[in-house]
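First comes the structure, then the notes that go with it.
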Protein chains: 2
Amino acid sequence: MPLSKTDLFKPKDVRVAAMAKALAHPARVAILRELARQNECVCGEIVSAIPLAQATVSQHLKELKTAGLIKGEADGPRSCYCLDPDGIQLLMDTLDGLLGQMEACCGVPAPKTQTAKSKKTASGKKTTSNSS
Amino acid sequence: MPLSKTDLFKPKDVRVAAMAKALAHPARVAILRELARQNECVCGEIVSAIPLAQATVSQHLKELKTAGLIKGEADGPRSCYCLDPDGIQLLMDTLDGLLGQMEACCGVPAPKTQTAKSKKTASGKKTTSNSS
DNA sequence: TTTCTTTATCGTAAAGTTACGATGAATCGG
DNA sequence: CCGATTCATCGTAACTTTACGATAAAGAAA
């Protein structure tokens, strides 16, 4: 942005946007999927799985870490990465909030349900009082 | 990107990234929420609800339209926007695919009941045959 | 120690995003 | 027809993201 205007928006919207941004590159999505598949993964393996240079992959890993979606710890000269369950959960909750609102508006085509959404919607009093 | 490498990634990952990118700005999230609240909305109302210049809001609307998340039709000199149920559904399915994979890996945080059964049913869309 | 391996970081070029004012294009009201 | 209103688009400035090679840092192996 030419001038950072993020403080003009509601914190909730800023949070959703930040979460979404972490997913907004194919390489990062591929990394997350790889980690979901392997459960735990040395950096080199990830680099092999991604069609980008090592430096670039490292950069993407850093962003995912900053976003709280993955954790990384040193293991000798190597780095071992894995998904961060807390961050993933937060991601789901954050997106579910928005998706739920939109679904409610559009009219739900098919009640598929899953994840943590149904619970929240059921107990939630209403979708109107949102500001922060 | 310096050089567009999107064809090096799996189409599925590219799709997720594109969807996420549409949500990756607070203004666009705010617009979606406004449309979810109003169900139908003249452009001017949206501009009033967003702390940005008219030209900028129009630009964000265009991106959301390109992403397939909203529809817009002319109404006299005005433009009337609303959520596109098909796009929203696609967004949900797309994200659910990834989120389900990650959740399955992390282990669901609060599974008081039967774990394996419910999880499988919930996320079991077709996580196996993934390559495109 | 010296060397190799592994990964993070730096510097930087290319491309994309975001924001705005100005300008068009279309419609409505007179 | 003339002016006002509404919105999309253009042009452009400021900033961010993406990608890579080069290099640094740190442990393992020799």
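Proteins come first, then strands; the chains are lettered A, B, ... in the order of their sequence lines, and each starts at number 1. From a predicted model like this one, the values you see are computed outputs, not experimental measurements.
No hydrogens or angles considered: nothing links the side chains of Glu63(A) and Gln59(A) as a donor-acceptor pair under 3.5 Å.
Phosphate contact (OP1/OP2 of dC7(D), side-chain N/O of Lys62(B), threshold under 4.0 Å): absent. In this model, the phosphate group of dT17(C) is not approached by any side-chain N or O of Lys21(A) to a distance below 4.0 Å at OP1 or OP2. The shortest distance between the side-chain N/O atoms of Ser58(A) and the OP1/OP2 oxygens of dT7(C) is not below 4.0 Å. At dA8(C), one or more side-chain N or O atoms of Tyr81(A) fall inside 4.0 Å of OP1 or OP2 (strictly under the cut-off). Close to dA19(D), at under 4.0 Å from its OP1 or OP2, lies a side-chain N or O of His60(A).
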Q: Before giving the answer on side chain to side chain contact (heavy atoms under 4.5 Å, CB included), spell out for Lys10(A) and Val16(A) the whole-Å C-alpha distance, their side-chain angles and the decisive distance to 0.1 Å.
A: CA-CA 10 Å; Lys10(A) 297 180 183 171; Val16(A) 171; over 6 Å; no
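Separating the CD1 atom of Ile31(B) from the P atom of dC7(D) is a distance of 13 Å, rounded to the nearest angstrom. The separation between Glu63(A) atom CD and dT9(C) atom C1' is 14 Å, rounded to whole Å. The distance from atom CG of Leu8(B) to atom P of dC20(D) is 9 Å, rounded to the nearest whole Å. For the pair Leu64(A) CG and dA8(C) C1', the interatomic distance rounds to 15 Å; values are reported in whole Å.
Minimum heavy-atom separation, Pro85(A) to Cys106(B): CA-SG, 3.8 Å.
When each of dA19(D), dA19(C), dA8(C) is scored by its nearest atom to the side-chain atoms of Gln59(A), the top-ranked nucleotide is dA19(D). Considering only the side chain of Thr56(A), dA19(D) comes nearest among dA8(C), dT9(D), dA19(D). For Gln54(B), counting side-chain heavy atoms from C-beta on, the closest listed nucleotide (dT18(C), dC7(D), dC20(C)) is dC7(D). Picking from dA19(C), dA8(D), dA22(C) the nucleotide with the shortest atom distance to the side chain of Ser79(B) gives dA8(D).
Distance check: Glu73(A) CD to Tyr81(A) OH gives 11.0 Å after rounding to the nearest 0.5 Å. Going from atom CE of Met102(A) over to atom CG of Leu91(B) covers 5.5 Å, rounded to the nearest 0.5 Å.
Comparing Ala27(B) and Cys80(A) by the nucleotide of DNA chain C whose heavy atom lies nearest to each, the residue mapping closer to the 5' end is Cys80(A).
Of the residues in residues 69-78 of chain A, those placing a heavy atom less than 4.0 Å from an atom of DNA chain D are Gly76(A), Pro77(A), in numerical order. Contacts of residues 38-53 of chain A with DNA chain D (heavy atom under 4.0 Å): Leu52(A), Ala53(A).
Checked options Ile31(A), Ile70(A), Ile46(A), Leu83(A); the residue passing with Cys41(A) is Ile46(A) (criterion: side chain to side chain contact (heavy atoms under 4.5 Å, CB included)).
In the hydrophobic cluster analysis, where Ile, Leu, Val, Met, Phe, Trp and Tyr join through side-chain heavy atoms closer than 4.5 angstrom, Val14(B) is grouped together with Leu32(A).
Ring orientation note: the planes of His60(B) and His25(B) are tilted relative to one another, at an angle of 30° to 60°.
Under a 4.0 Å N-O distance rule, the pair Asp75(B)/Arg78(B) qualifies as a salt bridge.
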